[in-house]
J.: 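First, the structure itself, so that you have it in front of you.
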Amino acid sequence: MRTAAHVEKFRRFDRLRARFDPKADFELWYWMTLNAGTAIINAALHSAGVTREHDSFATQIPNIYSVSGPDGKRHLEYVFGVDIIHVGMPKIEKSLPLAIASAFSAMEIIEEHRDPCIRGDQPITDDVIRACSKAYAKCVAAAKSVIDG
Amino acid sequence: MRGGGKVGYRRMTPELHQAKADRIESSMQKLTDSDYEAIIEATMLAGSHWFNFACHRMKLTAAHADVMHAEYLNGVERVELSLRASELLRAMDEIEAYRAGFVRGDLDGGQQVAARCRLLLEVIRRDAIAAGPLHAQS
């Protein structure tokens, strides 16, 4: 996607995140955190020229994207160096600016809780919520510092 | 997700999957179809728990070997599911297919897709609850 579209997605996910109670609605609160973080990181990556703006949408398979053909119909293609779907997926070979590396580290903290707490039944504790909240704030601040220049 | 689609380090019983799906569906009550990204993701997440519930009930997968996404099934498992729970599998695939354009992308029409995903989740829940093991004839 384009940088502006990622920023708009981030705003939507961030607003949705705020609608959920971190404890009672942990699964969706967490998932909006994850999606918002990924959206703002994609915007930062494009802004820094690490990845390219591109009119394609990421599928769940790395490097396979939905693209629009000349007739407006969408089809799948391999595309490289554009949107990521998770930190490290697809892997970025270029070196990262410090602020983006910091955002990546923060997202990795959030991602650690995904399988245990969302796919599995690891207890959702105040510590987990605090760790995710703190990492999210760090991720967003770091990514915005790149986007805002 | 990195490195594969099987989640094998915990034991999620059908009852635990149902409890997780119920929690997610309860949180969905805070959403309208204009919140389409969240609806699509919520139906994917709740649907995944119902999907694993069904796989365990059908004795297709063990409690320690959940499948993260339907498309990560191996070939034989997928063929067997397409025979035994075809609508459930199609519904999961359809929800997953919307994620590129409406969650990771910015296509128009998200509200209609959200409404569709809510219906698909009802299909998934219905078929998961009806799922059971095959009986062997002597």
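Just so it is clear, the model here is predicted, and its values are computed rather than measured.
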J.: Would you say the side-chain atoms of B/Arg104 pair up with the backbone N or O of A/Ala58, donor to acceptor, closer than 3.5 Å?
T.: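 Confirmed, B/Arg104 side chain pairs with A/Ala58 backbone.
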
J.: Could you check whether atom CZ of A/Arg11 has more than 12 heavy atoms from other residues, nucleotides or ligands sitting under 6.0 Å from it?
T.: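 Count not over threshold, so no.
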
J.: If you count heavy-atom pairs within less than 4.5 Å of chain A, which of B/Gly101, B/Ala97, B/Ala19, B/Ser27 leads?
T.: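 Among B/Gly101, B/Ala97, B/Ala19, B/Ser27, the one with the most close pairs to chain A is B/Ser27.
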
J.: Quick check on B/Phe102 against chain A: is it the side chain, the backbone, both or neither that has a heavy atom closer than 4.5 Å?
T.: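 Backbone of B/Phe102 only, per the 4.5 Å heavy-atom cut-off to chain A.
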
J.: How about B/Lys30 and A/Leu28: do any of their side-chain heavy atoms sit closer than 4.5 Å?
T.: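 Side-chain contact under 4.5 Å: no.
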
J.: Any side-chain heavy atom of A/Phe57 within less than 4.5 Å of one from B/Leu107?
T.: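 Yes, at least one pair of side-chain atoms sits under 4.5 Å.
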
J.: Using heavy-atom distances under 4.5 Å, tell me whether B/Ile24 contacts chain A through its side chain, its backbone, both, or neither.
T.: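 The answer is both parts of B/Ile24.
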
J.: Counting only non-hydrogen atoms closer than 4.5 Å, does A/Ala24 touch chain B with its backbone (N, CA, C, O), its side chain (CB onward), both, or neither?
T.: backbone

J.: Out of curiosity, A/Asp25 CG to B/Gln29 CD, how far, rounded to the nearest 0.5 Å?
T.: 10.0 Å

J.: Starting from A/Ile92, can I reach A/Val87 by hopping between I/L/V/M/F/W/Y residues whose side chains sit under 4.5 Å apart?
T.: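 Yes, because A/Val87 and A/Ile92 connect within a single hydrophobic cluster, where side-chain heavy atoms sit under 4.5 Å apart.
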
J.: Are B/Leu31 and A/Phe20 side-chain neighbours, meaning at least one heavy-atom pair lies under 4.5 Å?
T.: yes

J.: Report yes if some heavy atom in the side chain of A/Leu34 is under 4.5 Å from a heavy atom in the side chain of B/Glu41; otherwise report no.
T.: no

J.: Spell out, yes or no, whether B/Met28 and B/Met92 are grouped together once hydrophobic residues are joined by side-chain heavy atoms under 4.5 Å, including indirect joins.
T.: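 Same cluster: B/Met28 reaches B/Met92 through Ile, Leu, Val, Met, Phe, Trp or Tyr contacts under 4.5 Å.
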
J.: Tell me, side chain or backbone of A/Arg17 under 4.5 Å from chain B's heavy atoms, or both, or neither?
T.: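 For A/Arg17, no heavy atom lies under 4.5 Å from chain B.
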
J.: Is a side-chain N or O of B/His49 found less than 3.5 angstrom from the main chain of A/Ile118, in a donor-acceptor match?
T.: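 Answer holds: yes.
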
J.: With a 6.0 Å cut-off (strictly less than), is the heavy-atom count around CG of B/Asp108, excluding the residue itself, greater than 12?
T.: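 Not buried by this count: 12 neighbours or fewer within 6.0 Å.
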
J.: Would you call B/Val103 and A/Phe13 a side-chain contact if the rule is heavy atoms closer than 4.5 Å?
T.: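 B/Val103 reaches A/Phe13 side chain to side chain.
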
J.: Looking at A/Leu98, I want to see if its CG is surrounded by more than 12 non-hydrogen atoms of other residues, nucleotides or ligands under 6.0 Å.
T.: no

J.: Could you please spell out the steps behind the side-chain contact (heavy atoms from CB on, under 4.5 Å) verdict for A/Arg2 and B/Asp106?
T.: CA-CA 10 Å; A/Arg2 300 278 158 182; B/Asp106 59 354; over 6 Å; no

J.: Heavy-atom distance under 4.5 Å to chain B: side chain of A/Asp55, backbone, both or neither?
T.: neither

J.: Under 4.0 Å between a Lys/Arg side-chain N and an Asp/Glu carboxylate O for B/Asp35 and A/Arg19?
T.: yes

J.: Is chain B contacted by the side chain of A/Ile124, its backbone, both, or neither, given a heavy-atom distance below 4.5 Å?
T.: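 Answer is side chain: those atoms of A/Ile124 sit under 4.5 Å from chain B.
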
J.: Treat each ILVMFWY residue as a node, draw an edge where side-chain heavy atoms are under 4.5 Å apart, and state whether A/Val82 and A/Met107 are in one component.
T.: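 Looking at the clustering, A/Met107 is in a separate group from A/Val82.
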
J.: Side chain to side chain donor-acceptor pair (under 3.5 Å), that's the test. Do A/Asn35 and B/Glu37 meet it? Break it down for me.
T.: CA-CA 10 Å; A/Asn35 281 341; B/Glu37 294 98 337; over 6 Å; no

J.: With the 4.5 Å side-chain cut-off for hydrophobic clustering, are B/Leu119 and B/Met44 part of the same group?
T.: no

J.: Taking A/Met32, A/Met1, A/Gln122, A/Arg12 one by one, which has the highest count of heavy-atom pairs under 4.5 Å against chain B?
T.: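 Greatest number of close heavy-atom pairs with chain B: A/Arg12.
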
